[in-house]
Amino acid sequence: MAQRLVLRRLLSLTPRTLPPQGPLVSHAPLAPHSRAFGTSAGCRSTFNVQDGSDFQDRVVNNPKPVVVDFHAQWCGPCKILGPRLEKMVAKQEGKVLMAKVDIDDHTDLAIEYEVSAVPTVLAMKNGDVVDKFVGIKDEDQLEAFLKKLIGA
C-alpha cells in the first residue's frame, strides 16, 4: 500500500519535472549547475559526421587517432556497441576521437571504406586505416583495440 502511494506521488510529479519537448525548447544558456552534464569527456571526444568534407576535415586530416563507427539506426548490434565504444573512447581522455557515420545518410563513405556490414569500426591514424573490426566487442576487446591504436 505504501509503495503504491509513493509511486502515485512520483507519477503525479513527472509531467511537471520533464523538460519541454519539441520545437519550443528555449535556446537560453543553461544554468551553471547543468553545464557539467553537457560537457563530459564523452561529448568532446565523439562527434557525428555531417558530410564528406566534414569527414575529410575531422577524421582524415586529424592529427589524433580517430575511431570511426559505421552504424545504422535500424541496427540492433549498433545500438549496443555505440554507447560501449563511446564510453571506452571517453576513458582515453582525449588521446583518441570517435566519429559516428550513419551508413544510410553517408552511403558514399560506407562504399569508399568498403563497409559491407554494420557495425563496422575503423581505426584511423594520419588518414590511413590501421585496424578494423565488424560486429560487437566486449569492453576488454575494445580497450585493447584502442590501446593498440594510441600506442599505449
Worksheet item: How would you list all residue pairs meeting side-chain hydrogen bond (donor to acceptor under 3.5 Å, both in side chains) that involve residues 127-141, not counting sequence neighbours?
Response: K87-E139, D131-K148
Worksheet entry | By side chain to side chain donor-acceptor pair (under 3.5 Å) - contacts of N126 (at least two apart) | none
Worksheet item: Between V89 and L97, is a side-chain contact (heavy atoms from CB on, under 4.5 Å) present by the stated rule, with each step listed?
Response: CA-CA 7 Å; V89 166; L97 302 175; 5.9 Å; no
Worksheet entry | Minimum heavy-atom distance L149-A123, with the two atoms named | CD1-CB, 3.7 Å
Discussion item. Strictly by disulfide bond (SG atoms under 2.5 Å apart), give each pair with a member in residues 101-139 just once, sequence neighbours left out.
Written reply: none
Fill in: Any side-chain heavy-atom pair of V130 and M124 under 4.5 Å
no
Response to the item:
Residues passing the salt bridge (Lys or Arg N to Asp or Glu O under 4.0 Å) test with K100, sequence neighbours excluded, are D69, E86
Worksheet item: If you round to the nearest 0.5 Å, how far is CD of Q56 from CG of N62?
Response: 11.5 Å
Discussion item. Using the rule that Ile, Leu, Val, Met, Phe, Trp and Tyr join whenever any side-chain heavy atoms are under 4.5 Å apart, tell me whether I111 and L109 fall into a single cluster.
Written reply: no
Worksheet item: Tell me, which pairs form a salt bridge (charged side-chain N to carboxylate O under 4.0 Å, His left out) where one or both residues lie in residues 51-62, sequence neighbours left out?
Response: D54-R58
Discussion item. Can you pull out every ring pair (Phe, Tyr, Trp, His ring centres under 6.0 Å) where at least one residue sits in residues 56-87? Sequence neighbours excluded, please.
Written reply: none
Worksheet item: Who passes salt bridge (Lys or Arg N to Asp or Glu O under 4.0 Å) against D105, sequence neighbours left out?
Response: none
Item to complete: Grab the two heavy atoms, one from P119 and one from C78, that are nearest each other, plus how far apart they are.
Response: N-SG, 3.6 Å
Worksheet item: Can you tell me if D104 uses its side chain to pair, donor with acceptor, with the backbone of A72 under 3.5 Å?
Response: no
Worksheet, complete the sentence: Here the ring pair (Phe, Tyr, Trp, His ring centres under 6.0 Å) pairs for residues 123-146, sequence neighbours left out, are F133-F145
Fill in: Pairwise side-chain hydrogen bond (donor to acceptor under 3.5 Å, both in side chains) hits with a residue in residues 112-121, at least two apart
none
Practice prompt. Flag yes if V115 and V134 sit in one hydrophobic cluster, no otherwise; membership is Ile, Leu, Val, Met, Phe, Trp, Tyr, and two members link when side-chain heavy atoms are under 4.5 Å apart.
Written response: no
Worksheet item: Is there any ring pair (Phe, Tyr, Trp, His ring centres under 6.0 Å) pair reaching into residues 77-100, and which pairs are they, with sequence neighbours excluded?
Response: none
Fill in: Remaining members of the apolar cluster that contains I80, side-chain heavy atoms under 4.5 Å
I136
Worksheet item: Going by heavy atoms in the side chains, are L122 and V67 under 4.5 Å from each other?
Response: no
Worksheet item: Out of curiosity, L81 CG to C75 SG, how far, rounded to the nearest 0.5 Å?
Response: 8.5 Å
Practice prompt. Would you check if V121 and L142 make a side-chain contact, meaning some heavy-atom pair closer than 4.5 Å?
Written response: no
Worksheet entry | Those residues that, when tested against D108, pass side chain to side chain contact (heavy atoms under 4.5 Å, CB included) (two or more places apart) | H106
Discussion item. Within the structure provided, determine whether Q73 and D102 are in side-chain contact (heavy-atom separation under 4.5 Å).
Written reply: yes
Item to complete: Report the distance from atom NZ of K95 to atom OG of S45, rounding to the nearest 0.5 Å.
Response: 12.5 Å
